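Have a look at the structure below, then the notes.
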Amino acid sequence: MFHNFRPLYLFTLRSKLRSKAFLISTILTILFILGFTNIDRLLANFEDTDQAQAILVTENNELTTLMQSLGYEDIESAAITEKEARTGLDNGDYEIVAFIENDSARVLSERPEPDFTTVLQTALREIRNAELIETSNIDPSVLAALNEPVTVDESYLGRGGENSDELFSSFAFVYVMLMLLYVSIITYGSMISTEVTTEKSSRVMELIISTTHPVTHMLAKISAIGTLALLQIAIFLGFGYFSARSNEMAQSVIDNAGNVRAVVYLLTFFTLGYLLYAAMFAVLGSLVSRVEESQQMTMPVIMLLVAGFLAAMFGLNNPEAQIVTILSYVPFFTPMLMFLRVMLVDVPVWEVALSIGIMIASIGVILWVGSKFYRGGVLFYGNNAIKQWRQILQNRQ
Amino acid sequence: MTLHIDRVSKQFGEFTAVDDLSFHVPKGEMFGLLGANGAGKTTTFRMILDILKPSAGTITWDGRNVDHRIVGYLPEERGLYPKSPVRDQLVFLASLKGMRQAEAKRAVKSWLERLEIPQYETMRVEQLSKGNQQKIQLVAALLHNPELLILDEPFSGLDPVNVEILKREVLALRDAGTTIVFSSHRMEHVEELCQHIGILKGGRAVVSGDVPTIKARYAEPVLFIETDRPDVLQSIPVVRAVEPYKDGHFVRLDSFDDSDAVLGALVTNGAAVKTFMRQPVSLNDIFIKEVGQHVS
């Protein structure tokens with residue numbers, strides 16, 4: 001039954017690896033990853049760091065110095081009238097004029113200047129506080145004690161981590177991995193259905209199914225694309241790992257990657273999830289005649305995947321919710337939800353084993369049902385899917 | 001080593017595509033399956049290849065189920081991977097038939113040379129013309145030296161030069177002992193190549209047997225005559241009907257025994273006779289008679 005697995009697998013993998021699409025998508029994704037993991041630095045480059053030139057109209061020279069010491073450098077003090085100030089602003093001689101009257105200020109500017117106003121507020125408050133302390137004879141040490149922060153040290157007993165840093169890093173890790181699971185199942189799953197439909201529309205299929213059992217053909221396709229997926233993901237993760245090492249937030253995500261338990265679960269659910277969805281994509285791909293139609297046909301599967309992803313996003317914040325527990329046994333949602341649960345809460349081993357068992361059984365059922373449709377489906381070049389299914393089932397006993 | 005199709009039927013739901021069809025093709029013979037579009041030819045081929053299961057009846061090769069490895073198949077709808085280089089996919093398709101890589105590569109080279117297209121070995125299929133793609137498709141069917149070769153409309157889409165090349169190779173294969181079943185709309189090709197034929201209509205074999213016997217059965221006493229005095233023809237007593245065709249006339253008799261009387265009458269009337277021949281019955285006539293007249 002499996003004698004043609006090898007040539008089919010190798011041929012599919014080789015043509016995929018040599019295709020331009022593979023090269024381009026790999027390069028683009030690497031660029032995206034490099035960009036994403038360094039987003040803070042990239043954004044910093046585009047930030048407008050120039051301070052707007054400001055004029056202070058005040059008798060208190062201390063204020064100017066204070067503001068400069070607080071980080072706002074571009075300040076001059078001058079004695080001008082409001083009329084002069086407006087002309088100067090119109091001409092663009094300066095961008096901000098602030099009229100200071102004791103501890104209140106009136107700021108004129110073309111547009112909001114939050115940097116300036118924040119510094120100005122702080123400076124004014126400090127000057128006022130200093131005056132108040134002096135006039136009220138308050139002991140400066142009392143004041144210091146009042147400003148002393150209190151500490152609340154949290155410890156969590158759940159799976160996610162012992163303190164908020166660890167919890168955040170678990171969340172971030174699970175989140176990134178859920179995204180990866182979702183995106184790669186959609187990408188590679190659609191690749192399978194497209195692949196099957198292409199073979200069908202180019203009519204090569206007739207030659208293949210005259211020599212090969214449909215389950216062998218499906219498994220060869222799924223494995224070849226799966227290998228491609230693993231290869232590509234390994235490249236991405238490699239780049240992501242090195243690129244993220246220098247980034248603090250991303251760093252916390254990688255910390256988890258070193259966790260053997262996390263990696264084992266990730267690979268298990270990844271593989272099972274991929275197999276389940278890939279089998280569905282392959283069967284649906286065999287039912288349509290043109291690549292454009294395969295998009296429509298695979299819509300329900302993509303909806304399932306989206307539903308699973310949304311449930312996972314909900315579960316990320318409520319990992320112990322009953323609905324999350326229940327859904328984690330539904331094979332279509334298991335890869336994301338059970339993974340999320342084992343990462344964030346304590347799940348008994350038997351529960352994990354049960355969900356994996358259900359998934360394996362479902363994959364078997366889908367392959368079995370799929371093989372019924374597959375041979376009939378690949379020979380059928382019609383439009384009406386439902387009618388087609390009926391006929392296929394009648395033709396093949 | 002005979003292909004036996006024994007009382008085979010195939011139903012698709014309510015629709016009967018092939019109905020109680022039987023024929024057999026001995027080793028080294030070429031069998032022509034004729035039929036209008038939708039007559040059940042491709043369905044029959046697919047059943048031989050075990051792509052479809054017959055609803056009833058058996059198909060055997062040498063008394064056993066047909067093993068796909070001994071069969072070469074040229075499907076009616078040509079199918080190759082458009083983006084893949086010629087050699088790669090031919091080697092791949094041969095490996096599905098259990099052929100080894102190195103062996104397949106050698107076979108690809110020699111077949112491309114035999115079909116006079118060695119320069120396409122490393123090109124992608126989508127870069128080739130339709131006729132050349134078809135030759136590649138044929139190579140895919142032949143590469144593993146099949147004992148049984150099934151060719152569904154092998155000549156469609158080929159120019160006359162390539163039709164000749166293809167005919168030459170198909171005949172060479174037959175002489176080398178390959179059993180060949182093929183379908184075609186082109187009656188002259190079938191007539192030229194096949195010893196045995198079957199004409200399908202609505203899934204049933206309306207005519208089947210070897211070509212001379214069938215022709216003898218359908219032969220009608222019709223003469224084709226070109227003369228400068230066609231008016232004489234009508235007045236000859238043994239003539240049953242006269243029908244003008246091109247520069248001459250078809251003349252229907254009760255039997256060719258009356259031919260001498262016709263020629264005698266023409267000569268007596270001083271007519272110059274340019275052509276005087278028995279009109280041979282062609283497969284085309286038989287086909288149209290059997291398939292065409294029942295079309296409603």
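As a basis for the values below, the full set of heavy atoms in this structure was taken, side chains included, without hydrogen atoms, waters or symmetry mates. Chain identifiers are assigned alphabetically (A, B, ...) following the order of the sequence lines, protein sequences preceding nucleic acid strands; residue numbering begins at 1 within each chain. Only a predicted model underlies this, so the values are computations on that prediction, with no experimental measurement involved.
If you measure heavy-atom distances from Leu8(A) to chain B, the contacts under 4.5 Å come from both the backbone and the side chain. With a threshold of 4.5 angstrom between heavy atoms, Ser95(B) approaches chain A through its backbone and through its side chain. For chain A, no part of Gln101(B) is nearby; none of its heavy atoms comes within less than 4.5 Å. Residue contact with chain A, scored on non-hydrogen atoms closer than 4.5 Å, involves the backbone and the side chain of Asp88(B) alike. If you measure heavy-atom distances from Leu96(B) to chain A, the contacts under 4.5 Å come from both the backbone and the side chain. Both the backbone and the side chain of Thr211(A) have a heavy atom closer than 4.5 Å to some heavy atom of chain B.
When all heavy atoms of Leu80(B) and Val204(A) are compared, the pair lying nearest together is C-CG2, 3.3 Å. Across all their heavy atoms, Leu207(A) and Gly79(B) have their closest contact at CD1-O, 4.0 Å. Shown here for Arg18(A) and Pro85(B), the closest heavy-atom pair between the two residues is NH2-CD, 4.1 Å.
Aromatic ring pairs are classed by plane angle as parallel below 30°, tilted from 30° to 60° and perpendicular above 60°; the pair Phe92(B) and Phe11(A) is parallel.
Annotation: Lys83(B), atom NZ; neighbour count of heavy atoms from other residues, nucleotides and ligands within 6.0 Å does not exceed 12. Counting non-hydrogen atoms of other residues, nucleotides and ligands closer than 6.0 Å to CZ of Phe22(A) gives a total above 12.
Atom CD of Glu206(A) and atom CD of Glu76(B) lie 9.0 Å apart (nearest 0.5 Å).
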